2 protein chains.
Amino acid sequence: MNEKVKPKDVLIETASRLFRVRGYCGVGLNDIIEESGVPKGSLYYYFPEGKEQLAIEAINHTKKLVMEEIQTVFGGISNPIDAFQAHVYELSKMFGEGGNPVGSPIGTIAGEKHSTSEPIRLACESAFKDWQSIYTEKFLEADYTRQQSISLAIVFHALIEGGILLALTMKSGKPLEAIAEQIPLLLIKK
Amino acid sequence: MNEKVKPKDVLIETASRLFRVRGYCGVGLNDIIEESGVPKGSLYYYFPEGKEQLAIEAINHTKKLVMEEIQTVFGGISNPIDAFQAHVYELSKMFGEGGNPVGSPIGTIAGEKHSTSEPIRLACESAFKDWQSIYTEKFLEADYTRQQSISLAIVFHALIEGGILLALTMKSGKPLEAIAEQIPLLLIKK
DNA sequence: GTCTATAAGTTGATAGAC
DNA sequence: GTCTATCAACTTATAGAC
């Protein structure tokens, strides 16, 4: 059993955290090596293709973290309305005034790089699709039609990405609270 | 009558367009002076505080453009459900596959800089508030309560910011189309 | 007011010692 | 495998000619 932290993992976790808060272009490799304590030579040993490759692995890391967060909340609540409401309330606490700074999981990177790096865009697209799949499944389990479930997953994913952006910009959990409160009214069945 | 284009306006328009597509950090002043044809010395004559000052004026410019877009669509449609649906359909065409590249109006800048430049964050917050005010007013005119109108404005603003991000990342107008289609179902009155 | 040349620092990336 | 020294290119910003 090896309890030593692997430099590669430290780099991915540090990059993941910094990219969330300041975006791809806002974080230099110097910031990452300084914060992680891993020297630059090692970074290029583990990521020979440089910053872009590290970013893609950081995006995949964040994708996994977010999937686990969603599944933890969704696992305990069968009703999709209640599940989504609980999920957004969790986010409102996370992005509210107090606490240490967290940024949008990958939204900022996607906004910056969608037109200038196809590999990064594809990594972001993959994360978005995987998250939406969990949402879709939740609606399917509650007997929404497949078409309805897919559309509602898109709607709620957009709502969450937008809500996080509003919370960060307003420096307040209020926008996400307002969204959480409205969810039951939005999802009343006809 | 002076029909000469003012260098200051050219700079703001160019910066506004480039920041939308690639974000704040992703655009250098060299890109802006090259694309605008205005030399660097003139940029610092009109914007003595440099890039940050230019960015704030670019954000205010984009804010105005977006307000006019919303009001144009909203002006012709009194029912808020129909108005929002038309607005999102417009966006789905704008951000769909064809056409020249447009980025999120200010969402990317907000995501990048909310924690590292308070003046830029405030400019973004101001734009978000002004857009939401138009949304709120539309619901008030349709006799929603004030509290409901404010909350729904936040919900729909988040939906639009998130929808634009999904469209850019997926390189497709489909997410925004799906959102537009769901709007009537989301806004059924209880 | 307009523009060029250049400064001072930082960026992503590499070469090569150990 | 690990780390340091260094590179060329680029960044924002400035000084000063015209």
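A note on names: the letters A, B, ... follow the listed sequences, proteins ahead of strands, and every chain is numbered from 1. Note that the structure is a prediction, hence the values are computed from the model and not measured.
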Please list every donor-acceptor pair under 3.5 Å in which a side-chain atom of residues 25-34 of chain A meets a protein atom from a residue at least two apart or in another chain.
| unit_1 | atom_1 | unit_2 | atom_2 | d |
| --- | --- | --- | --- | --- |
| Asn30(A) | OD1 | Lys40(A) | NZ | 2.6 |
| Asp31(A) | OD2 | Arg22(A) | NH2 | 3.0 |
| Asp31(A) | OD2 | Gly28(A) | N | 2.9 |

Subject >> Interface residues of residues 14-23 of chain B with DNA chain C (non-hydrogen, below 4.0 angstrom) >> reply: none
Subject >> Salt-bridge contact Glu118(B)-Arg121(B) (side-chain N to carboxylate O under 4.0 Å) >> reply: yes
Original post:
Taking protein heavy atoms under 4.0 Å as touching, what does nucleotides 2-15 of chain C look like 5' to 3' if B marks base contact, S marks sugar-phosphate-only contact and - marks none?
Top reply: BBB------BBBB-
**OP:** Sort and list the pairs that fulfil side chain to side chain donor-acceptor pair (under 3.5 Å) and have at least one residue in residues 78-87 of chain B, not counting sequence neighbours.
**Re:** none
**OP:** Answer yes if the ring centres of Phe84(B) and Tyr89(B) are under 6.0 angstrom apart, and no otherwise.
**Re:** no
**OP:** Rounded off to whole Å, could you give me the NZ-to-C1' distance for the Lys6(B) and dG1(C) pair?
**Re:** 15 Å
Could you pull out every donor-acceptor pair under 3.5 Å between side chains of residues 53-65 of chain B and any protein atom, sequence neighbours left out?
| unit_1 | atom_1 | unit_2 | atom_2 | d |
| --- | --- | --- | --- | --- |
| Gln53(B) | OE1 | Glu49(B) | N | 2.9 |
| Asn60(B) | ND2 | Ile56(B) | O | 3.4 |
| Thr62(B) | OG1 | Ser16(B) | OG | 2.7 |
| Thr62(B) | OG1 | Ala58(B) | O | 3.0 |
| Lys63(B) | NZ | Ser126(B) | OG | 2.7 |
| Lys63(B) | NZ | Asp130(B) | OD2 | 3.1 |

Original post:
Whole-Å distance between dT11(D) P and Leu54(B) CG?
Top reply: 15 Å
Counting only pairs under 3.5 Å, give me each side-chain donor-acceptor contact of residues 151-168 of chain B, with atom names and distances, residues two or more places apart or in other chains.
| unit_1 | atom_1 | unit_2 | atom_2 | d |
| --- | --- | --- | --- | --- |
| Ser151(B) | OG | Gln147(B) | O | 3.3 |
| His157(B) | ND1 | Gln132(B) | NE2 | 3.0 |
| His157(B) | NE2 | Glu161(B) | OE2 | 3.0 |

Original post:
Within 45 degrees of the axis of the six-membered ring of Tyr144(A) and under 6.0 Å from its centre: does Lys138(A) put its NZ or CZ there?
Top reply: no
Original post:
So, the side chain of Thr14(A) versus the backbone of Val10(A): is there a donor-acceptor pair under 3.5 Å, distance only?
Top reply: yes
